[in-house]
Amino acid sequence: MGGDGGADPVIHFVFVHGASHGAWCWYKLTTLLDAAGFKSSSVDLTGAGINLTDSNTVMDSDQYNRPLFTLLSDLPPHHKVILVGHSIGGGSVTEALCKFTDKISMAIYLAAAMVQPGSIPSPNLSNMHVGEEEIWEYTYGEGTDKPPTGVLMKQEFRRHYYYSESPLEDVTLSSKLLRPAPVRAFQDLGKLPPNPEAEKVPRVYNKTAKDNLFDSVRQDLLVENWPPSQLYVLEESDHSAFFSVPTTLFAYLLRAVSFLQR
Ligand SMILES: CC[C@H]1c2cc3[nH]c4c(c3C)C(=O)[C@H](C(=O)OC)c4c3nc(cc4[nH]c(cc(n2)[C@@H]1C)c(C(C)=O)c4C)[C@@H](C)[C@@H]3CCC(=O)O
């Protein structure tokens, strides 16, 4: 995994956040993994976390994903990583999988957009409307007569849709750190051409059973449309398993990678 039989046997996890989040949201997982002797990295995509770019200026997925692509292209020769993506960060994982296939030993999706390259995503999947109310706040970096450039979930809906089962401290932390996400970067999602090489990399899906944002039906549809090699269900998890069930998620990640070692 680390070295694929070479000199560097370390198992290296790379974490990719979802919309508006950042590397910071993985702090519990990276602490657990590091303490257990694994290597972990978490990236801030362009305009997220402490990446200084204004997200309203991010034009496309290539620009948004560049920090992840840089991390992968800087890996030593033969070093492979396990890529873990949350939510719409699953789109970044799939793009990386197509671009850097030989650097990735396993792709793990956590309540994430797992859309097969070359397929036509179902409109049910990309529908951001949940419930009756408008839960999203848009920013118009190019003027109100132009399409929005950023989107952020309104503060009053976050507890319910992102963090219903998570500790309140993490809800407070996120209120300081969430940033508008670059909508234009997401528009490329599901537009990748077919990629038979990327299809050979094992994929794992982690379903979040108490998720008020990405419900079971839609997660099941993703799994049905592009069946992974392993499927786990986080029964007590809200949309943000890294906060609500970090130790269960940690255990499931280790179980998933144990199949690589056989
Ligand atoms: C501009 C529409 C664009 C899109 C935006 C978007 N998607 C999610 C967020 C935003 C702003 C979230 O906040 C949430 C997330 O990342 O939480 C941390 C999002 C999700 N997107 C999912 C799946 C999914 N999204 C799309 C497409 C888009 N999302 C638009 C292009 C697709 C497809 C097929 O195109 C898919 C599969 C989930 C993993 C989460 C939950 C969102 C929800 O259920 O509404």
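In each ligand, atom 1 is the first atom listed, and ligand 1 is the first ligand listed. Since the structure is predicted, the reported quantities are computational estimates derived from the model, not experimental observations.
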S.K.: Please compare Ile88, Val183, Val115 and report which has the shortest non-hydrogen distance to atom 8 (C) of ligand 1.
M.R.: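 Of the listed residues, Ile88 has the closest heavy atom.
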S.K.: For Ala111, state whether at least one heavy atom is located under 4.0 Å from any atom of ligand 1.
M.R.: yes
S.K.: Indicate yes or no for a side-chain donor-acceptor contact from Asp170 to the backbone of Ser166 under 3.5 Å, with no hydrogens or angles considered.
M.R.: no
S.K.: Is Ala181 touching ligand 1 with its side chain, its backbone, both, or neither, if touching means heavy atoms under 4.0 Å apart?
M.R.: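 Neither part.
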S.K.: When you measure from the heavy atoms of Met114 to every atom of ligand 1, does any distance fall below 4.0 Å?
M.R.: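 It does not; every heavy atom stays at 4.0 Å or beyond.
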S.K.: Would the His239 and Tyr161 ring centres measure less than 6.0 Å apart?
M.R.: no
S.K.: Salt bridge between Arg179 and Asp44, side-chain N to carboxylate O under 4.0 Å?
M.R.: no
S.K.: Distance under 4.0 Å to a non-hydrogen atom of His239: what atoms of ligand 1 satisfy this?
M.R.: 17 (O), 18 (C)
S.K.: Sequence neighbours excluded, which residues qualify as ring-ring contact (aromatic ring centres under 6.0 Å, His included) partners of Trp24?
M.R.: His21
S.K.: Please check if a non-hydrogen protein atom sits closer than 4.0 Å to atom 15 (C) of ligand 1.
M.R.: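 Under the 4.0 Å cut-off, atom 15 (C) of ligand 1 does have protein heavy-atom neighbours.
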S.K.: Just to be sure I'm reading this right: ignoring hydrogens, which of Pro147, Pro180, Ala113 gets closest to atom 23 (C) of ligand 1? Compare them by their nearest heavy atoms.
M.R.: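 Looking at heavy atoms only, Ala113 sits closest to atom 23 (C) of ligand 1.
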S.K.: Name the one of Leu68, Leu75, Leu71 that satisfies side-chain contact (heavy atoms from CB on, under 4.5 Å) with Ser41?
M.R.: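 Among Leu68, Leu75, Leu71, the one meeting side-chain contact (heavy atoms from CB on, under 4.5 Å) with Ser41 is Leu71.
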S.K.: Would you say His17 contacts ligand 1, with heavy atoms under 4.0 Å as the rule?
M.R.: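 No, His17 has no heavy atoms under 4.0 Å from ligand 1.
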